[in-house]
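Since this is a predicted model, take the numbers as computed values, not measurements.
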Amino acid sequence: MLYYLFNYLYKVHHLPGAGVFQYISFRAALAVVTSLIIAQFFGAPLIRALQRQQIGETIRDLGLQGQNEKKGTPTMGGLIILLAILVPVLLFAKLDNIYIVLMLLSTVWLGLIGFVDDYIKVVKKDKEGLAGRFKVLGQVGLGVTVGWVLFFSNDVTVRQYALANGSFSAVDASGIYQDVKLMITTVPFLKNNELNYGDLFATAGDFFNEYYAFFYIPIVILIITAVSNGANITDGLDGLAAGTSAIIGITLAIFCFVSGNALLADYLDVMFIPNSGELVIFCTAFVGACVGFLWYNSYPAQVFMGDTGSLAIGGIIAVLAIIVRKELLIPVLCGVFLIENLSVMVQVSWFKYTKRKYGEGRRLLRMSPLHHHYQKLGYHESKIVSRFWIVSIMLAVLTLVTLKLR
């Protein structure tokens, strides 16, 4: 909103200094500062309000160190994250940008699903919360919406540059280019690193070649569901999900800035996506929200984010990666989420297999997800979180290295 106000003041009334709002870097800086301020000033009152309403976490006795101390800690703190994201984006971003609209939609959509789940758990005292099928249905609905918009909207384009042989490429910039609708993505670690989803159906006939959205949209659904659930599972120790998400958010902000800047994209030989630079403002607000939330969520936590926050931040990360055509890097960038997800899947699968074969279930880990396994081994919660953050930083650096490592 402020972008449009200052743009008007600059162009119509020539107000000195108002033109600075034209710069994405300036608005991104304002977004992160505003996000941190909102998290700080509204966090404490919200926590007190949750305490007054006795909206606290119900803890199952799993035999974990320090577990009983968490009993009664307010949950639904994800509301702090949502507020700290939405307000700066509404203030400083271009609200007619298709990518910003998608990110706002994704944030509110998954935030509402998580809020309903938390509300049923802590207010209605139903430990099961929102039925799993409704969660999945909500995630699928968002995946269909995001996939449909990205595939069919004429505002979603990539820049193709003319090559010497007469063909076009998303990299190797030249003076001749065209912005076209093309569902291509970046394949990491390869020199010729463009994958056109349409090429997967090139030999299947004209119908499949034209309507490969039926393949692309399920991929979007899978990515959003997997990353959202991964963040949800990771949210099991104080500060783990928020800190990991902040690191991922910084990495995605760099990708958005590079992908949305023609000169940088040309220099680094990466795909230029027109209008995607505006997402930097969303990313910085997201990082500020996660860091601001850590003020209250770091060990020992004063508030938990609950599904309100964890489902939303996972979905945000997934949609951002898809928009900037870096979805194939998610297994690396979100490696902590991935290993947490896999640890649960492997543990459950092995238990069921051994129960069928030997008559009793056996476990590979002392407990899943993986962070609880380390707790059972005697590691302190804060040490586990710190080391997971370090792993996240290493994975983020590796992800950024792929810009030139091919």
What do the steps show when you test Asp266 against Phe272 for side-chain contact (heavy atoms from CB on, under 4.5 Å), and what is the final call? CA-CA 8 Å; Asp266 179 18; Phe272 174 61; over 6 Å; no
- request: Apply side-chain contact (heavy atoms from CB on, under 4.5 Å) to the pair Tyr4 and Asp96, showing each step before the final yes or no.
  value: CA-CA 11 Å; Tyr4 297 102; Asp96 58 348; 2.9 Å; yes
Checklist line | Verdict with reasoning, Thr107 to Phe282, per side-chain contact (heavy atoms from CB on, under 4.5 Å) | finding: CA-CA 11 Å; Thr107 304; Phe282 187 96; 3.3 Å; yes
Exercise for the section: Test side-chain contact (heavy atoms from CB on, under 4.5 Å) on Arg363 and Leu365 and set out the steps. Expected result: CA-CA 5 Å; Arg363 293 174 173 84; Leu365 303 174; 5.9 Å; no
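Side-chain contact between Leu364 and Phe351 is absent, with no heavy atoms from C-beta onward closer than 4.5 Å. Considering only heavy atoms from C-beta on, Ile317 comes within 4.5 Å of Phe286 through its side chain. At a threshold of 4.5 Å between non-hydrogen side-chain atoms, the residues Leu95 and Tyr3 do not count as touching. Between Tyr299 and Val385 the shortest side-chain heavy-atom distance does not fall below 4.5 Å. Side-chain atoms of Ile384 and Gln375, non-hydrogen and from C-beta on, do get closer than 4.5 Å to each other. Residues Leu395 and Leu333 are not in side-chain contact: their nearest non-hydrogen atoms beyond the backbone lie 4.5 Å or more apart. Contact of the Tyr119 side chain with the Leu130 side chain is not registered, since no non-hydrogen atoms from C-beta on lie closer than 4.5 Å. Counting only heavy atoms from C-beta outward, the side chains of Ile330 and Phe337 never approach each other to under 4.5 Å.
The CD1 atom of Ile313 sits 10.0 Å away from atom CG of Leu82, with the distance rounded to the nearest 0.5 Å. Ile80 CD1 to Ser35 OG: the interatomic distance, rounded to the nearest 0.5 Å, is 11.0 Å. Atom OH in Tyr216 sits 4.5 Å away from atom CG in Leu150 (nearest 0.5 Å). Atoms CG and CD, on Leu240 and Glu381 in that order, are 9.0 Å from each other to the nearest 0.5 Å. We find the CE-CG distance between Met367 and Leu377 to be 12.5 Å, quoted to the nearest 0.5 Å. Distance check, rounded to the nearest 0.5 Å: CZ of Phe257 to CG of Leu279 gives 13.0 Å.
Among pairs with a residue in residues 242-261, none fulfils side chain to side chain donor-acceptor pair (under 3.5 Å), at least two apart in sequence or across chains. Residue pairs meeting the side chain to side chain donor-acceptor pair (under 3.5 Å) criterion with at least one member in residues 302-314, sequence neighbours excluded: Asp118-Thr308, Lys135-Asp307, Asn232-Asp307, Asn232-Ser310. Contacts classified as side chain to side chain donor-acceptor pair (under 3.5 Å) and involving residues 273-293 (residues at least two apart or in different chains) are given here: Arg27-Glu278. Sorted by first and then second residue, the pairs that involve residues 325-348 and meet side chain to side chain donor-acceptor pair (under 3.5 Å), not counting sequence neighbours, are Thr185-Glu327, Tyr197-Glu327, Glu340-His371.
Open room surrounds CZ on Phe42; 12 or fewer heavy atoms of other groups in view lie less than 6.0 Å from it.
The side-chain contact (heavy atoms from CB on, under 4.5 Å) test applied to Ala44 returns Arg48, Tyr296, not counting sequence neighbours. Looking at residues two or more places apart in sequence or on another chain, you find a ring pair (Phe, Tyr, Trp, His ring centres under 6.0 Å) between Phe26 and Phe21. A search for ring pair (Phe, Tyr, Trp, His ring centres under 6.0 Å) contacts involving Tyr374 returns Tyr379, not counting sequence neighbours. Residues passing the side-chain contact (heavy atoms from CB on, under 4.5 Å) test with Ala285 are Ala31, Pro88, Val89, sequence neighbours excluded. For Tyr353, the ring pair (Phe, Tyr, Trp, His ring centres under 6.0 Å) partners are Trp350, not counting sequence neighbours. Partners of Trp109 under the side-chain contact (heavy atoms from CB on, under 4.5 Å) rule, at least two apart in sequence or in another chain, are Leu105, Ile113, Leu142, Thr145. For Tyr8, the side-chain contact (heavy atoms from CB on, under 4.5 Å) partners two or more places apart in sequence, or in a different chain, are Val12, His13.
Nearest approach of Ser106 to Val146, heavy atoms of both residues: OG-CG2, 4.0 Å. For the residue pair Met103 and Val319, the shortest heavy atom distance occurs at SD-CG1, 3.5 Å. For the residue pair Tyr99 and Thr157, the shortest heavy atom distance occurs at OH-N, 3.9 Å. Ala289 and Ile85 get closest at one heavy-atom pair: CB-CG1, 3.6 Å. Across every non-hydrogen atom of Thr75 and Gly306, the tightest pair is OG1-CA, 3.5 Å. Between Leu36 and Gly292, the shortest heavy-atom distance links the atoms CD2-N, 3.7 Å.
For Lys355 (side chain) and Arg362 (main-chain N/O), no donor-acceptor pair under 3.5 Å exists by modelled atom type. In this structure, the side chain of Asp238 engages the main chain of Ala301 through a donor-acceptor pair within 3.5 Å. In this structure a side-chain-to-backbone donor-acceptor pair under 3.5 Å is present from His373 to Arg366. Put simply, the side chain of Ser368 never gets that close to the backbone of Leu370: no donor and acceptor are under 3.5 Å apart. In this structure, Asn297 contributes its side chain and Gly239 its backbone to a donor-acceptor pair below 3.5 Å.
When the options Leu329, Ile248, Leu252 are evaluated for a side chain to side chain contact (heavy atoms under 4.5 Å, CB included) with Thr399, the one that passes is Leu329.
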Please tabulate, for side-chain N and O atoms in residues 217-231, each donor-acceptor pair with protein atoms closer than 3.5 Å (sequence neighbours left out).
| unit_1 | atom_1 | unit_2 | atom_2 | d |
| --- | --- | --- | --- | --- |
| Thr225 | OG1 | Ile221 | O | 2.8 |
| Ser228 | OG | Gln139 | NE2 | 3.3 |
| Ser228 | OG | Leu311 | O | 3.1 |
| Asn229 | OD1 | Gln139 | NE2 | 3.1 |
| Asn229 | ND2 | Thr225 | O | 3.1 |

